[in-house]
Amino acid sequence: MSEPGALRMRLEGLVREVAKFGAVGAVGVLVDLGVFNLVRHFTELPVVRASIVATVVAIVFNYLGFRYFTYRDRDKSSRTKELVLFLLFSLVGLVIQNGLLYAATYGFGWDTPLQSNFFKFLGIGVATLFRFWSYRTWVFRALPAKEAVQTAESFLEKTPRQAVRRQPDHV
């Protein structure tokens with residue numbers, strides 16, 4: 001394949017990956033903000049603790065979405081390692097996300113519901129950049145080309161082959 005063709009294919013693959021990551025992430029943001037506001041409304045938890053609870057719920061949702069939708073074609077050989085790395089990088093994202101909310105709330109005194117939601121959303125955006133890079137680089141690793149071909153070949157060998165019957169030319 002020509003170099004421009006290969007580059008175009010890689011770029012198209014990246015665009016699809018970003019779109020799938022964004023779809024799961026967008027629903028994850030809704031889960032995060034929804035749980036955050038429910039916890040704030042129905043409990044007496046301080047704002048950052050309510051945010052941490054919401055972030056943890058969104059992390060669980062996002063793992064399922066990323067594993068079974070966005071990165072379903074990626075290496076599945078070591079789920080334990082994948083989950084540990086996902087949780088580690090999610091924890092870093094949680095600190096980034098809630099660190100911004102903490103600074104706004106306790107550093108600047110911006111703690112109205114509108115301000116809290118704004119800084120929660122801003123924190124999600126900043127943490128998402130880190131998460132996208134870390135998940136695609138370390139957690140949901142692409143299969144090397146040779147392994148991908150072997151996986152595809154083994155899948156094809158498992159599917160039943162149907163014999164093609166030749167119909168007589170005359171009836």
Side-chain angles (χ1 to χ4, degrees), residues 1-37 51-52 54-101 103-104 117-167:
M1 179 176 290
S2 68
E3 194 171 313
L7 178 62
R8 184 174 49 247
M9 283 182 59
R10 288 187 68 189
L11 186 58
E12 288 171 357
L14 181 61
V15 167
R16 278 191 304 276
E17 180 182 348
V18 168
K20 287 179 175 183
F21 187 92
V24 170
V27 177
V29 167
L30 294 176
V31 167
D32 199 338
L33 291 172
V35 171
F36 173 66
N37 284 292
S51 179
I52 290 170
T55 303
V56 169
V57 171
I59 286 170
V60 171
F61 172 84
N62 285 344
Y63 176 77
L64 296 172
F66 292 143
R67 168 39 55 215
Y68 297 105
F69 177 66
T70 305
Y71 298 113
R72 69 176 174 247
D73 61 335
R74 299 290 177 98
D75 185 12
K76 298 176 184 83
S77 64
S78 180
R79 286 284 172 99
T80 303
K81 180 181 175 185
E82 172 185 287
L83 191 55
V84 167
L85 287 172
F86 181 84
L87 291 174
L88 175 71
F89 289 120
S90 294
L91 180 62
V92 173
L94 180 143
V95 170
I96 293 169
Q97 177 178 329
N98 291 293
L100 281 167
L101 182 61
N117 277 287
F118 174 79
F119 286 101
K120 171 93 173 139
F121 187 76
L122 180 65
I124 290 170
V126 172
T128 295
L129 296 174
F130 168 77
R131 288 178 177 130
F132 177 73
W133 169 80
S134 63
Y135 293 165
R136 79 180 308 263
T137 304
W138 299 102
V139 181
F140 302 106
R141 297 180 58 105
L143 287 169
K146 183 179 177 182
E147 288 181 31
V149 170
Q150 288 172 345
T151 302
E153 287 174 348
S154 69
F155 173 76
L156 290 174
E157 288 173 2
K158 291 178 185 175
T159 59
R161 295 186 180 155
Q162 297 196 7
V164 178
R165 290 187 174 173
R166 189 176 163 138
Q167 297 292 328

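Please read these numbers as outputs of a predicted model, since none were measured by experiment. Excluded from the calculations below are hydrogen atoms, water molecules and symmetry mates; all remaining heavy atoms, backbone and side chain alike, are included.
- Side chains of W138 and F86 form no contact here, defined as non-hydrogen atoms less than 4.5 Å apart.
- Closest approach of A58 to G28, counting heavy atoms only: CB-O, 3.7 Å.
- Within the 4.5 Å cutoff, the side chain of R136 has heavy atoms near those of the Y71 side chain.
- By the ring-ring contact (aromatic ring centres under 6.0 Å, His included) test, F36 pairs with no residue at all, sequence neighbours left out.
- The CZ atom of R16 lies 10.0 Å from the CG atom of L14; values are rounded to the nearest 0.5 Å.
- Within 6.0 Å of CZ on F130 lie more than 12 heavy atoms contributed by other residues, nucleotides or ligands.
- Atom CG in L33 sits 6.0 Å away from atom CG in N117 (nearest 0.5 Å).
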Legend entry - Verdict with reasoning, V24 to L64, per side chain to side chain contact (heavy atoms under 4.5 Å, CB included): CA-CA 9 Å; V24 170; L64 296 172; over 6 Å; no

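- Other residues, nucleotides and ligands place no more than 12 heavy atoms under 6.0 Å from the CZ atom of R8.
- The pair R67-E82 counts as a salt bridge, with a side-chain nitrogen and a carboxylate oxygen less than 4.0 angstrom apart.
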Inset, instruction - Step by step, work out the side chain to side chain contact (heavy atoms under 4.5 Å, CB included) result for V60 and Y63. - result: CA-CA 5 Å; V60 171; Y63 176 77; over 6 Å; no

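- With rounding to the nearest 0.5 angstrom, the OG1 atom of T80 is 11.0 Å from the CG atom of L85.
- At least one side-chain heavy atom of L94 sits under 4.5 Å from a side-chain heavy atom of V56.
- T55 OG1 to I96 CD1: the interatomic distance, rounded to the nearest 0.5 Å, is 12.0 Å.
- Within the structure, side-chain hydrogen bond (donor to acceptor under 3.5 Å, both in side chains) pairs that include any residue of residues 27-36 comprise D32-Q97, D32-K120 (at least two apart or interchain).
- In this structure, S134 contributes its side chain and R131 its backbone to a donor-acceptor pair below 3.5 Å.
- To the nearest 0.5 Å, atom CD1 of residue I59 and atom CZ of residue F89 are 13.0 Å apart.
- Residues G93 and A127 approach most closely at O-CB, 3.4 Å, considering heavy atoms.
- Aromatic ring pairs are classed by plane angle as parallel below 30°, tilted from 30° to 60° and perpendicular above 60°; the pair Y135 and F21 is tilted.
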